[in-house]
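Both backbone and side-chain heavy atoms feed into the values below; hydrogens, waters and symmetry mates do not. Chain identifiers are assigned alphabetically (A, B, ...) following the order of the sequence lines, protein sequences preceding nucleic acid strands; residue numbering begins at 1 within each chain.
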Protein chains: 2
Amino acid sequence: MDLSPTAYVILGMVSSEPRSGYEIKAAVDNSVRIFWAASYGQIYPELKRLSEAGLVEGSDVPRGERKRTVYAITEDGEAELVAWLRQPPETAEMREEGLLKLFFSGLLPPEEAATTLRSMRAHRLELVARLREMESEASKKGPFSLMVLQGGIEYNEWFADWCERMETRLLGPAWPPERSK
Amino acid sequence: MDLSPTAYVILGMVSSEPRSGYEIKAAVDNSVRIFWAASYGQIYPELKRLSEAGLVEGSDVPRGERKRTVYAITEDGEAELVAWLRQPPETAEMREEGLLKLFFSGLLPPEEAATTLRSMRAHRLELVARLREMESEASKKGPFSLMVLQGGIEYNEWFADWCERMETRLLGPAWPPERSK
DNA sequence: CGTAACATGTAACGCGTTACATGATTGG
DNA sequence: CCAATCATGTAACGCGTTACATGTTACG
């Protein structure tokens, strides 16, 4: 059975406790979103598919008058999830418009290329701040949750630092460097 | 005028010298691909659109009997490209299946979670090796080309190192850590 | 002589986002 | 009472990949 990666996110999110579509989205948003996002447009249809495939099971658990369906993982679902966890990861991609701009920045004076680096740095620092706020929450959820979050923090700090170093280089007297044959 | 980011990649790639669709693809593949890919399925139709919009201009430059159209950037195209370069970058995303697996690795014994980290590390190290081979080429193309490539190398090295550290932590005696209330 | 590289394109498909629609409940 | 949050869904759209189709040329 071949599921989309997003299906596994959902499976993972309901593996610890039953959750509604809405709650799955919220859980994704404050944990894995930095390296794997999911929108309602994916979650609800996927939940239906997973339910038909018998990997999750929905039950009506209204809160007051407001109807609400929470999904729990089934045994088949957990087997599927664990099998996926054991496979070596495949997808690993990145889209960084800032680096793209930097790459073509020979068309601009160095000060303007430096502006791009400053934007990138500011963006990364904001992210770090937001992630730091989530740290205590994550530590309650378990060691892997915290590990991954701290990885995200470290990564963004590294990136911010790199931007700073490149900016310094760009504005220093040795720029642009001579190209040696 | 609002173009897709990929349109700007193309514009950037023909800004220094006229190139065919095939050459654009090749240029992307050995420079920005690590953080921004492009396939023929995008390049050729986009080239047609850019041509109709007057941002690039194609001319037939056959090599022998083999027909070949190279595209050069126009003044409008360059203005458009430079205007884009001056805007702060927007898109910055990442999809890391490995981190996703790690996040859910509470369902596995620590040794198996460590396997995921080892795969991730191996993948990053391979990438570093491939990027290092491109270094001398990139230095000929200009300082920004080299800067961005070295950034990619440093990033992947950081990532590989992080994986190693996390693996050590995972296999150490202090795992799983107690969660303090 | 065969295969890798050069060269151009398109159609189908998959995945994901955005925007929209609808309505209940909670808290200030 | 109003806004935010809870809750569920869908339709349209955009972007990008994969696979296919076709043919040439250089090189070993």
Are [X] and [N] close enough that a side-chain N or O sits under 4.0 Å from OP1 or OP2?
X: B:Q42; N: D:dC15; answer: no
X: A:S20; N: D:dT8; answer: yes
X: B:R68; N: D:dT25; answer: no
X: A:Y22; N: D:dC6; answer: yes

Next on the checklist: Let's go through A:E135 and A:R132 carefully: what are the C-alpha distance in whole Å and the side-chain angles of both, what is the deciding distance for salt bridge (charged side-chain N to carboxylate O under 4.0 Å, His left out) to 0.1 Å, and is it a yes or a no?
Outcome noted: CA-CA 5 Å; A:E135 243 178 320; A:R132 282 213 186 284; 3.7 Å; yes
Item to check | Flag, side chain of B:S20 to backbone of B:E23, donor-acceptor distance under 3.5 Å | outcome: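 Side chain of B:S20 to backbone of B:E23, a donor-acceptor pair under 3.5 Å: yes, one is there.
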[X] [atom1] - [N] [atom2] separation (whole Å):
X: A:E65; N: C:dT26; atom1: CD; atom2: P; result: 11 Å
X: A:I10; N: D:dT8; atom1: CD1; atom2: C1'; result: 14 Å
X: B:L3; N: D:dC15; atom1: CG; atom2: P; result: 10 Å
X: B:L47; N: C:dT10; atom1: CG; atom2: P; result: 12 Å
X: B:E93; N: C:dT18; atom1: CD; atom2: P; result: 10 Å
X: B:R66; N: D:dT22; atom1: CZ; atom2: P; result: 18 Å
X: A:D29; N: C:dT17; atom1: CG; atom2: C1'; result: 13 Å
X: A:Y8; N: C:dC15; atom1: OH; atom2: C1'; result: 16 Å

To the side chain of [X], which of [options] is closest?
X: B:W36; options: D:dG16, D:dT8, C:dA7; answer: D:dG16
X: A:Y44; options: D:dT8, C:dT8, C:dT17; answer: D:dT8
X: B:S4; options: C:dA7, D:dC15, D:dT8; answer: D:dC15

[X] near the nucleic acid: base, sugar-phosphate alone, or nothing, with a heavy-atom cut-off under 4.0 Å?
X: A:S39; value: base
X: A:A26; value: nothing
X: B:R19; value: nothing
X: A:K48; value: sugar-phosphate
X: A:G41; value: base

Next on the checklist: Taking A:L171 as the starting point, is it possible to reach A:L117 by hopping between hydrophobic residues whose side chains are less than 4.5 Å apart?
Outcome noted: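 As far as the 4.5 Å side-chain criterion goes, A:L171 and A:L117 are not connected within one cluster.
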Next on the checklist: Pick the closest DNA chain C nucleotide for A:R63 and for A:A38 by heavy atoms, then say which residue is nearer the 5' end.
Outcome noted: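 It is A:A38 whose nearest nucleotide is closer to the 5' end.
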Next on the checklist: Please list all pairs meeting side-chain hydrogen bond (donor to acceptor under 3.5 Å, both in side chains) that have one or both residues in residues 54-63 of chain A, counting only residues at least two apart or in different chains.
Outcome noted: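 Every side-chain hydrogen bond (donor to acceptor under 3.5 Å, both in side chains) pair that includes a residue of residues 54-63 of chain A, provided the two are not neighbours, is A:D60-A:T69.
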